[in-house]
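Below is one structure, written out as structure tokens; the observations come after it.
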Amino acid sequence: MRTTSLTPKIAKQIKIPKRNDDRIILHFVCSAFDYDCFYASVFENENPSLKSQPLGIKQKSILATCNYVARARGVKKLMLISEAQKICPDLILMNGEDLTRFRDVSKKLWAFLRAHSWNRRVERLGLDEVFLDVTDIIAYNRELLNVHALGTSFFQLDRNDPVKGFAFDGSRFYGCTQPDDKLRADRGLVDVENPLCVRLMLASHLAGYLRRKLDEDFGYTSSGGISTNKLLAKLAGNVNKPNNQTTLLAKGGDGADAVEAFMDTHSIRKVPGIGSRIAQLMEEYLLSRPAKLRDREGNNVTIGEARRCPGMSSDLLEQILDRPGAERGSGEKVWNFLHGVDLSEVKEASDVPTQISIEDTYMSRPLQTPAEVNQELHTLATSLIRRMRVDLTEAEIKPTVQSNTTSCGTPHWLAYPKTLRLSTRTKSKQSIPASSTSTNGAEVPNFSRSSRSAPLPSFVFQFSPPSPSTSSLPSTSTCPSPATLSCEEIASRLVTESLLPLFRRLHPSRGGGLNLALLNICVTNMVLVARDEVNSGSGSGPGSGSSMAPGRDISRMFRTQEDKLREWTVYDTSPFPASAAPHPPSAPPSDIDINTTSNLIRYTAPTGESTDGYPRDDEAIADLVMMEDEDEDEESDAQFQGRRLP
DNA sequence: CTGGGCGAG
DNA sequence: TCTTCTCGCCCAG
């Protein structure tokens, strides 16, 4: 069909992307093998006696993952619980539907790595993966290197403190390399004349140090990849899992391009950034072309095959991938990937997420009645409010990570989400797997989510002590705060005033037979609060912030290197004040622009009266809801308000 | 700005 | 049986 009619442009010059070796990128995967093994590791760390027993993590009716004791007994991840229990009757099952504990561990590990960065380029991917751009640290340490005493080198982790760091043997790589010619006498040795080789060697020792600390200090093993961009670092890390690292060398022992050889062994689906949709489109094209690629089982087109396909080019790929809504420039992006080139930057660490969402699925028993929906929305909304308090607020005095105490300062919001979104999915009888392609025009009505959004009312920002749910004490005992509302109270109001109107927009038909397999609620569109002079004490809402003084606010985000590393030294456990007194010992890097750190918007609080935009007027929203309600059937409203018990 | 698609784990 | 529970980016309208 469409794709097969594409013809390579013959006369056009094909540009071959050139790798850029300026950067050094590290990639870590904690408790590798697969991401959800991380879940098992978290439970094992909470309760070490589990390590010797078969442990499974369940989510709904399936086993999300299991530890290696369980795997040795034949239990597999993604198995049905019933099946797993048949195979292994003494399987210990933990519920992994609530991700809180995994998030907490993930944050801790991420904070550790972040403390070692000099440039804030520390990007999280999922809960258990992190990229670091360590170009600057490596450049600095390369200058320190004494080529005549490589064996007794010292890696400096802090520019301002020559003692902070570790000793290493600079004549060798740490961990594994790729390629790794075991027959060569110079295996693992460094070509001192080659600057890139030296930088990769240094990075291998840094990665090794960080992985050792992750293991020793936190109890999490990890795999690591070391290369010159995110793509290569990530693929390299896959080579020696779960508890080792791989440095991708530019040249093999024979001087051939090792990166290209390395890339060519992978199937295109292994490339992060080439997902199912892109891979499918590429395969449709490639498998219809050369005879060699055609009649073979499985669509495992390799990178080498795609790259060497006659006429293949950035432009051809752009055509192949062109479809309504397609990302522009993805042809060039994929063409770059095929050559081991990835121009994307490691994003800077951000203190606030761009969205927070909570969802639950009801596959085995879809929700049918509005009363059920009401009940579930309440549960979800309560979790969402709790999460907002955890992830979008900060106590005035920041707790130290080691002591793990939540200090009793007046918490304040770091950001206000502007938008609330409700998504649902109905259970469809004939859910067609993505692999089956519609042959002509008629797109498969692939069951997917639909959503509606509305402004998030500001009463959700009424404060209360941090996470009363996790405290064993009655919530009144600590940090009494004015204008305190519990998560449940806020959730109830949110359901009736915002979520139900949204739900009715999504599902105008009344009565039962809703057949919902998924509910998701999400807050997004974050507006960062300038948190300088915190308006402590007030039940701060989006309108109550004082005007900001951006200078101090930003400098606070760039604490000095000593400050950050101090968090991880054994002897100094003193908490540092969050907004310490004027503290400009080392100026923040001038090249950092707050606008590039995230796509979050800074919130400038109006100094006087409220503005026409944000913050909104609750009453107006309430009115809107009332008006909408008016043309609704009252009986059905009563159904929505009703609480149904299981 | 909204609603959907895709890609990551 | 494409499963679970997310998060982020990008697009068109």
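The chains referred to below are lettered A, B, ... by the order of the sequence lines, with proteins before strands, and numbering in each begins at 1. Predicted model only: the values in this text are computed from it and were never measured.
As judged by a 4.0 angstrom heavy-atom cut-off over every strand, A/Ser450 is placed among residues touching the sugar-phosphate backbone only. At a threshold of 4.0 angstrom between heavy atoms, the contacts of A/Ile356 are confined to the sugar-phosphate backbone, with no base atom among them. Backbone-only engagement by A/Arg452 is indicated by non-hydrogen atom pairs under 4.0 Å involving sugar-phosphate atoms exclusively. Among the protein residues, A/Gly275 comes within range of the sugar-phosphate backbone only, with heavy atoms under 4.0 Å from sugar or phosphate atoms but none that close to a base. Nucleic acid contact for A/Ile274: sugar-phosphate only, since backbone atoms but no base atoms lie under 4.0 Å from a heavy atom of the residue. Counting non-hydrogen atoms under 4.0 angstrom, A/Gln355 reaches a base of the nucleic acid. Using a 4.0 Å heavy-atom distance criterion, A/Asn520 is classed as making no nucleic acid contact. If you check every strand for non-hydrogen atoms under 4.0 Å, A/Arg328 touches sugar and phosphate atoms only.
The A/Lys234 side chain lies nearest to B/dG9 when the options are C/dC5, C/dC9, B/dG9. In this structure, the nucleotide among C/dC11, C/dC5, C/dT3 sitting nearest to the side chain of A/Glu327 is C/dC11.
Using cut-offs of 30° and 60° on the angle between ring planes, the pair A/Phe102 and A/Tyr39 is parallel. In this pair, A/Phe461 and A/Tyr416 present their aromatic rings perpendicular. The plane angle is above 60°, beyond the 30 to 60° band.
Listed pair A/Arg387 / C/dC5 fails the phosphate criterion, with no side-chain N or O lying under 4.0 Å from OP1 or OP2. The side chain of A/Thr361 places an N or O atom within less than 4.0 Å of a non-bridging phosphate oxygen (OP1 or OP2) of C/dT4.
Although no hydrogens or angles enter the test, the distance criterion places no donor-acceptor pair under 3.5 Å between the side chain of A/Asn67 and the main chain of A/Pro54.
Closest non-hydrogen pair, A/Val341 versus A/Pro17, comes out as CG2-CB, 4.1 Å.
Under a cut-off of 6.0 angstrom, the local environment of CD in A/Glu332 is sparse, with at most 12 non-hydrogen atoms contributed by other residues, nucleotides or ligands.
For the salt bridge (Lys or Arg N to Asp or Glu O under 4.0 Å) criterion with A/Glu129, the lone passing option out of A/Arg124, A/Lys230, A/Lys234 is A/Lys234.
For residues 92-106 of chain A, proximity to DNA chain C is found at A/Glu97, A/Leu99, A/Arg103, defined as any non-hydrogen atom under 4.0 angstrom from a strand atom.
For the residue pair A/Thr221 and A/Asn243, no side-chain donor N or O sits within less than 3.5 Å of a side-chain acceptor on the partner.
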